Protein chains: 2
Amino acid sequence: MSMERELLLLGLLQQQDMHGYQLHEFIERYMQSCVDLKKSTAYYLLDKLAKEGLILSSEEREGNRPPRQVYKLTPAGQAHFLNLLRQNLATHLPARFPGDIGLAFADSLPLPEIHALLQTRRSALAEALAAAEQTPPHTGSLQLLIEHQIAHLQSELAWLDGVIDRLGHTKPG
Amino acid sequence: MSMERELLLLGLLQQQDMHGYQLHEFIERYMQSCVDLKKSTAYYLLDKLAKEGLILSSEEREGNRPPRQVYKLTPAGQAHFLNLLRQNLATHLPARFPGDIGLAFADSLPLPEIHALLQTRRSALAEALAAAEQTPPHTGSLQLLIEHQIAHLQSELAWLDGVIDRLGHTKPG
DNA sequence: TTTTCCATGTAACTCGTTACATGATTTC
DNA sequence: GAAATCATGTAACGAGTTACATGGAAAA
């Protein structure tokens, strides 16, 4: 499993014991900006971490709800978490921009069409930025992620505007 | 196959007929900022595109070199390419930041250590930026990708500096 | 009463990577 | 003569997704 997903699950469990459903819900709600983790994948990974001895599960039940597997870090898990964390903090992972591929081939379309298409992209981007800016403030480190997202989207928007601006006065190749 | 990889291969072949080795080399050299495509994967995908009738292969040989499969777009491939291109240009694909996961859990380490680790990350980031800035200018649209990369890395660096700055005067939670 | 929520999981599948195999050819 | 380059491919593997199955409880 990728080091990010591993770090994510161990990190959340290090803050608080949780069951799979709960973990997935939290990630979807508050961390969709940095990870995308499907429900089945979450369960699968928790199983795996348990088999590796990094977390322990214990069955709990509350009222008449379905029983849940609550996970907690083992000492080995805690140590592993800290190592992953150090590695993650010390590393810069370059981001990829799949949207650039289209730009690389934009010459294949007539200028007015490129312009219209990029305007559509711009709208989507601006909307994402507005959504991020309206996110209510969060506690501690989660707030950091939101601010990062905003800073990034602002930079993207400025860049895209520059591209659109220059579209008009390009010499045909 | 993901729409980006498909667009990438069709787009390159639309500009010029090429064989697998050549395609892979070009991508590695000039487009590593937006895609990572392994050699075997390139061959595999070309096969697949051929089976789908989007490209045609013909064997060529030059001197005593090993024979090569040179690919060219079919009319269907050309049409498909244009559709993918339109879709790509009109869409904003949100970027993910796996480096944020570590930040979300940074409270688990003592402040001086976080500081040191983030300084290491900063160095790597600054180096990537310097490398991007020293890239010799390219023709047409490829230049766009480089400029995007630079703008993005500058924004990332500014943000990271802000984070490091604020590290000192955080109240312990 | 139908839908949504809680809670977990399995089986089949796709995508992509790794590692390996081949073999001639040019460069050191 | 050894290493790197050109050129293609296969087989095995791994990670992750999709679609599905289950079943009670709460909400509409």
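Keep in mind it's a predicted model, so treat the numbers as computed, not measured. Per chain, numbering begins at 1; letters A, B, ... match sequence-line order.
Every residue meeting the side chain to side chain donor-acceptor pair (under 3.5 Å) condition with E156(B), not counting sequence neighbours, appears here in chain and number order: H148(A). Every residue two or more places apart in sequence or in another chain was checked for a salt bridge (Lys or Arg N to Asp or Glu O under 4.0 Å) with D107(B), and none qualifies. By the salt bridge (Lys or Arg N to Asp or Glu O under 4.0 Å) test, R5(B) pairs with no residue at all, sequence neighbours left out. Listed by chain and residue number, nothing satisfies the salt bridge (Lys or Arg N to Asp or Glu O under 4.0 Å) test with D47(A) (two or more places apart in sequence, or in another chain). Residues passing the salt bridge (Lys or Arg N to Asp or Glu O under 4.0 Å) test with R68(B), sequence neighbours excluded: E62(B). For H19(A), the ring-ring contact (aromatic ring centres under 6.0 Å, His included) test picks out no residue, with sequence neighbours left out. Checked against ring-ring contact (aromatic ring centres under 6.0 Å, His included), H138(A) has the following partners two or more places apart in sequence or in another chain: Y30(A).
A heavy-atom distance below 4.5 Å is found between the side chains of E6(B) and L49(B). L144(A) places a side-chain heavy atom less than 4.5 Å from the side chain of R166(B). Under the 4.5 Å side-chain criterion, counting only non-hydrogen atoms from C-beta, D100(B) is in contact with L103(B).
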Pairing string, 5' to 3', for DNA chain D - Watson-Crick or wobble contacts under 3.5 Å, brackets [ ] where pairs cross, | to another strand: ||||||||||||||||||||||||||||
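Of the residues in residues 16-28 of chain A, those with a non-hydrogen atom less than 4.0 angstrom from any atom of DNA chain C are H19(A), G20(A), Y21(A), E25(A). A heavy-atom distance below 4.0 Å to DNA chain C is reached by these residues of residues 41-59 of chain A, ordered by number: Y43(A).
For dC6(C), neither phosphate oxygen OP1 nor OP2 lies less than 4.0 angstrom from any side-chain nitrogen or oxygen of R61(A).
The other residues sharing a hydrophobic cluster with Y43(A) are Y21(A), where clustering joins ILVMFWY side chains under 4.5 Å apart.
Going from atom NZ of K39(B) over to atom P of dA4(D) covers 14 Å, rounded to whole Å.
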Below 3.5 Å is the cut-off: list the nitrogen or oxygen pairs between protein and nucleotides 19-24 of chain D, distance only.
unit_1, atom_1, unit_2, atom_2, d
dA19(D), N6, S40(A), OG, 3.4

